[in-house]
Structures are given as C-alpha cells and as structure tokens.
Visitor: 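Dropping a structure here in structure tokens format, bear with me for questions.
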Amino acid sequence: MGKLAVGALRAVLLLVLVGTVLVQALMVWTLVSGKDPEDGTLPLTALRVITVLGMVSVQVAVVCVGRLVTMVRRGTVFSHAAFRYVDGVIGAIVAAALVWLAVTAVNAPGQRDDPGVSVIMGGIGVAILGVALIVYVLRMLLAQAVARDAEAAQLQAELSEVI
C-alpha cells in the first residue's frame with residue numbers, strides 16, 4: 001500500500017472519527033440540556049439515543065480499520081493479530097445494521113400512510129448485514145492467507161535444514 005494511499009485513508013478516518021464525536025457531543029448536549037425542540041411529530045429523543053449508539057459502531061470500525069492499515073504498512077497484516085480487528089469491523093457493521101433497524105422500527109409508526117418507506121429502510125438494514133457477510137468472507141480469505149504463510153515458513157525452514 002503506497003504512502004499516499006495510507007495518508008489519504010488516515011486523513012479520512014480521522015475526519016470521520018472527529019465528525020462522529022462532534023455528532024455524539026451535540027446529541028448528548030441536546031438530550032442533557034433539555035432544550036430539545038421536539039414537537040411530538042417524531043420520537044426525536046429515541047432517534048438521538050440511537051444516533052449516539054450508531055456513532056459508537058462507526059468509531060469502532062474506524063479504529064479497527066486504522067489498526068489494520070498500520071498492520072498493512074508494517075507488513076504484519078497476514079498474522080493472527082489481524083483477526084481481532086477484522087472481527088471488530090464485522091461486529092461494528094452488525095451493530096450498525098441493528099441500529100438502522102431500530103431507527104426503522106422507531107420511524108415505522110409515522111409511515112402508516114406509506115409503508116413502503118419502512119420496507120425500503122428494512123431492506124437497507126438487510127443490505128448492511130450483507131456487507132458484514134462480505135467482510136466475513138474476506139476474513140476467511142485472510143485466514144487462508146495466514147495459513148499459507150505459516151505453511152510457507154515451515155517449508156522454508158525444512159528446506160534450510162536440508163541445505
């Protein structure tokens with residue numbers, strides 16, 4: 001991975017991390033201050049709490065991807081230590097899907113006249129779960145690569161003994 005790509009990715013990850021922290025701070029401030037402009041048309045308090053939880057899942061994914069980028073830069077990504085971070089990304093994606101489905105459930109009563117919106121939102125939640133499955137497949141590919149790397153190291157050691 002080139003230095004330019006690593007630098008650009010780190011900048012994006014930092015921007016996302018700072019943005020999510022700011023959103024969380026604003027949501028918590030609105031909830032704590034009691035200056036919520038809620039007029040009763042939407043359950044904004046529930047949506048704000050769900051948003052704060054959703055931002056946590058994004059932050060977990062950002063930190064895990066940042067650690068994986070560091071491992072790629074150092075050439076240590078094909079190790080068992082990488083699984084912890086890939087599992088963190090998978091968990092964060094699943095959590096984001098569950099948060100989205102919670103938003104769908106909170107929003108559904110207001111969509112009685114147009115239930116298609118809730119169906120579309122539910123479909124988006126299922127699509128997010130599909131992304132988690134894609135990352136899980138990539139995790140299995142990483143496991144195969146780590147196993148092959150260990151096997152190659154063992155064969156190299158045996159070859160060194162013979163020579």
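Quick note: numbers below take in every heavy atom, side chains included, and nothing from hydrogens, waters or symmetry partners.
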Visitor: Consider side chain to side chain contact (heavy atoms under 4.5 Å, CB included). Of Ile128, Leu129, Ile134, Val58, which one does Ile93 pass it with?
Guide: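 Going through Ile128, Leu129, Ile134, Val58 one by one, the side chain to side chain contact (heavy atoms under 4.5 Å, CB included) with Ile93 is satisfied by Ile128 alone.
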Visitor: To the nearest 0.5 Å, tell me how far Leu9 CG sits from Leu68 CG.
Guide: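 Between Leu9 CG and Leu68 CG, I get 10.0 Å after rounding to 0.5 Å.
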Visitor: State, to 0.1 Å, how close Ala92 and Val60 come at their nearest heavy-atom pair, and which atoms those are.
Guide: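 Minimum heavy-atom separation between Ala92 and Val60: CB-CG1, 4.1 Å.
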Visitor: Are Val86 and Val72 joined in one hydrophobic group, where the rule is that I, L, V, M, F, W and Y side chains link up if heavy atoms are under 4.5 Å apart?
Guide: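 Looking at the clustering, Val72 is in the same group as Val86.
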Visitor: Heavy atoms only: give me the nearest Ser79-Met71 pair and the separation to one decimal.
Guide: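 Of all heavy-atom pairs spanning Ser79 and Met71, the closest is OG-CE, 3.5 Å.
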Visitor: Could you pull out all residues at least two apart from Arg84 that satisfy side-chain hydrogen bond (donor to acceptor under 3.5 Å, both in side chains)?
Guide: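 So Arg84 forms no side-chain hydrogen bond (donor to acceptor under 3.5 Å, both in side chains) with any residue.
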Visitor: Show every donor-acceptor pair shorter than 3.5 Å between a side-chain atom in residues 150-163 and any protein atom, with sequence neighbours excluded, or say none if there are none.
Guide:
unit_1, atom_1, unit_2, atom_2, d
Gln154, NE2, Glu158, OE2, 3.4
Ser160, OG, Gln156, O, 3.0

Visitor: Flag the pair Gln24 / Val56 as yes when at least one side-chain heavy-atom distance between them is below 4.5 Å, and no otherwise.
Guide: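 In contact.
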Visitor: In terms of hydrophobic clusters joined by side-chain contacts under 4.5 Å, are Leu133 and Trp100 together?
Guide: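 Leu133 does not cluster with Trp100.
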Visitor: Do the side chains of Trp29 and Met55 join up, straight or via other hydrophobic residues, at under 4.5 Å, putting them in one cluster?
Guide: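 No, Trp29 does not connect to Met55 through the hydrophobic network.
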Visitor: How long is the straight-line distance from CG of Leu142 back to CZ of Phe83, given to the nearest 0.5 Å?
Guide: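 Answer rounded to 0.5 Å: 4.5 Å.
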Visitor: Working to the nearest 0.5 Å, report the span between OH of Tyr85 and OG1 of Thr70.
Guide: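 Atom-to-atom, Tyr85:OH and Thr70:OG1 are 9.0 Å apart.
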Visitor: Is there a continuous path of hydrophobic side-chain contacts, each under 4.5 Å between heavy atoms, that joins Val69 to Val16?
Guide: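 Yes, one cluster joins them.
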Visitor: Roughly how far, to the nearest 0.5 Å, is CE of Met27 from CG of Leu47?
Guide: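 Leu47 atom CG to Met27 atom CE measures 9.0 Å (nearest 0.5 Å).
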Visitor: Working to the nearest 0.5 Å, report the span between CG of Leu15 and OG1 of Thr20.
Guide: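 Those atoms lie 9.5 Å apart.
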Visitor: For the atom pair CG (Asp87) and OH (Tyr136), what is the distance rounded to the nearest 0.5 Å?
Guide: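 Going from CG on Asp87 over to OH on Tyr136, the span is 9.0 Å.
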Visitor: Which heavy atom in Gly54 sits nearest to a heavy atom in Val99, and how many Å separate them?
Guide: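 Looks like CA-CG1, 3.8 Å.
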Visitor: I need the minimum non-hydrogen distance between Val89 and Ala61, along with the two atoms involved.
Guide: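 Here Val89 and Ala61 meet closest at CG2-O, 4.2 Å.
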Visitor: Give the minimum heavy-atom separation between Ala95 and Ser57, together with the two atoms involved.
Guide: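 Answer, listing the atom of Ala95 first, then Ser57: CB-CB, 3.9 Å.
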Visitor: State yes or no: do Val65 and Leu14 share one hydrophobic cluster built from I, L, V, M, F, W and Y residues joined by side-chain heavy-atom distances below 4.5 Å, directly or via other members?
Guide: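 No, Val65 does not connect to Leu14 through the hydrophobic network.
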Visitor: Minimum heavy-atom separation for Ala132 and Val94, please, with both atom names.
Guide: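 Here Ala132 and Val94 meet closest at CB-CG2, 3.8 Å.
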